[in-house]
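Below you'll find the structure, written out as structure tokens, and then a few comments.
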There are 2 protein chains.
Amino acid sequence: MTTERPYHHGDLRRAVLDAAVEAITEHGPAGVGLRDLARRVGVSHAGPVHHFKDKAGLLTALAAEGFTLLADALDATVAAGGDIIELGAAYVRFAVEHRAHFEVMFRPDLYHADDPALVEARDRAGAALAGGVADRPDPELASVAAWSLVHGFATLWNTGALSRADRDPVAMVRAFAGSMFLT
Amino acid sequence: MTTERPYHHGDLRRAVLDAAVEAITEHGPAGVGLRDLARRVGVSHAGPVHHFKDKAGLLTALAAEGFTLLADALDATVAAGGDIIELGAAYVRFAVEHRAHFEVMFRPDLYHADDPALVEARDRAGAALAGGVADRPDPELASVAAWSLVHGFATLWNTGALSRADRDPVAMVRAFAGSMFLT
DNA sequence: ACGCAATCTTGTCAGCGTCAAGTTCGCGCT
DNA sequence: AGCGCGAACTTGACGCTGACAAGATTGCGT
């Protein structure tokens, strides 16, 4: 929090990512700009380029971070003995608590979808998700169904399409997930 | 299909909307530009502005058209005596057949979400969707659950997250929707 | 202590969205 | 019939953006 501005920022990469999260949370992924972020952080307009090469590179890093956070959250709930409903609840909780990450993660047209760090994090999250329904009949289909349910609820909630209900979104998903995936 | 180019295009609005659908289908909503569309259609760079005022205005028109098409499709299936499963199948079929419209519709940060024509079309689609589960216990919750399921599947399918399975998406949603919403 | 490479700045370029002003044309009105 | 009025489109300009190139500054290993 030094008022002076040294030539080297210290951790510009982290600062830009945080600023991006803030900007996306406010104005959506479309309303974010490299120069705008540079201004927020207090560096010159081409500062971020050195860390992310591209605008798409920035969003790639954000998406990869998001998938990692999601995988961590899912792994933590299975480690705590959570069942499918808790897994779904964790998914939705992640989506509403990290809306900016979540919105970028599922917009592959915005980033470099073949980035190795990203695909690794994504596969990790996918594995955690699939592991929750492994003991069911036709796990392939059950996996898709469960994922669709929680993902659809999360996106609808985040886009404001469900905003009439002022209930807690995590409680809601627990309610109807419980009535569909009878454990 | 005249090779000459008269000063007045004839139906520029329709042509720009069609070009936008094509461009979005190829490159996603982020990769569309007013000037690019004008070039595709063969008019000068500010031609479309007169019909849509804004870039957001263009996407507003696209979203409104999408909601109207969706409402029509849903109304048609209930008129044909379709149950909830058929309603969900119609939703998914719309999403995959009109991917460009669908992707814009659920990105309110890209358009003017308070446009009267748009909110009317959206409410019409919402009513058609809610009507399908009106006869169930706790229809409020069932509506959200059913919508989440089909919407999540549609978005995951369209983003390519589910592309491993080369099965027909409409058949898939019928399969697991049937196992969850036992009629 | 020195030099190298990473980090950040400055300058520049084409392309974008938006506005203002001019040009061409369809169409209703008399 | 023809005329004029407003809708449709063009042309030109402005500030902004992302991307690139080249220079300035500094931390760090040796």
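Throughout, protein chains are lettered first and strands after them, A, B, ... in sequence-line order, and every chain is numbered starting at 1.
Checking C:dT18, C:dT7, D:dC20 against every side-chain atom of A:Ala46, the shortest atom distance belongs to D:dC20. The side chain of A:Arg39 lies closest to D:dT17 when the candidates are C:dT10, D:dA19, D:dT17.
Straight-line distance from the CG atom of B:Leu59 to the P atom of C:dG17: 10 Å, rounded to whole Å. B:Arg13 places its CZ atom 14 Å from the C1' atom of D:dA8, with the value rounded to the nearest Å. For the pair B:Leu12 CG and C:dC25 P, the interatomic distance rounds to 16 Å; values are reported in whole Å. One interatomic measurement links the two molecules: CZ of A:Arg14 to P of C:dT7, which rounds to 16 Å at whole-angstrom precision. One interatomic measurement links the two molecules: CZ of A:Phe52 to P of D:dG18, which rounds to 14 Å at whole-angstrom precision. In this structure, NZ of A:Lys53 is placed 15 Å from P of C:dT7, rounded to the nearest angstrom. We find that CG of B:Leu58 is positioned 10 Å from P of C:dT18, with the value rounded to whole Å. Distance CG (A:Leu34) to C1' (C:dG15): 16 Å, rounded to an integer number of Å.
Across all strands shown, B:Asp36 has no heavy atoms under 4.0 Å from either base or sugar-phosphate atoms. Contacts of A:Gly33 with the nucleic acid, taken as non-hydrogen atoms under 4.0 Å apart, involve only primed sugar atoms and P, OP1 or OP2.
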>> Go through it in stages, so that I can follow the logic: the residues are A:Arg13 and A:Glu65, the test is salt bridge (charged side-chain N to carboxylate O under 4.0 Å, His left out), and I'd like the CA-CA distance, side-chain angles, deciding distance and then a yes or no.
In response: CA-CA 12 Å; A:Arg13 183 187 162 91; A:Glu65 186 178 60; over 6 Å; no
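Taking for each of A:Val32 and B:Asp11 the nucleotide of DNA chain D with the nearest heavy atom, the 5'-most of the two is the partner of B:Asp11. With DNA chain C read from its 5' end, the first of the two nearest nucleotides for A:His50 and A:Arg35 is the one closest to A:His50.
No more than 12 heavy-atom neighbours from other residues, nucleotides or ligands sit within 6.0 angstrom of CD on A:Glu120.
Neither B:Val49 nor B:Tyr111 shares a network with the other; the hydrophobic side chains, linked directly or stepwise wherever heavy atoms of I, L, V, M, F, W or Y lie under 4.5 Å apart, form separate groups for each.
At distances below 3.5 Å, not a single donor-acceptor pair connects side-chain atoms of B:Asp75 with backbone N or O atoms of B:Val78. Put simply, the side chain of B:Arg99 never gets that close to the backbone of B:Ala95: no donor and acceptor are under 3.5 Å apart.
One finds no side-chain N or O of A:His45 lying less than 4.0 angstrom from the OP1 or OP2 phosphate oxygen of D:dA19. Taking only side-chain nitrogens and oxygens, B:His51 comes nearer than 4.0 Å to OP1 or OP2 of D:dC9.
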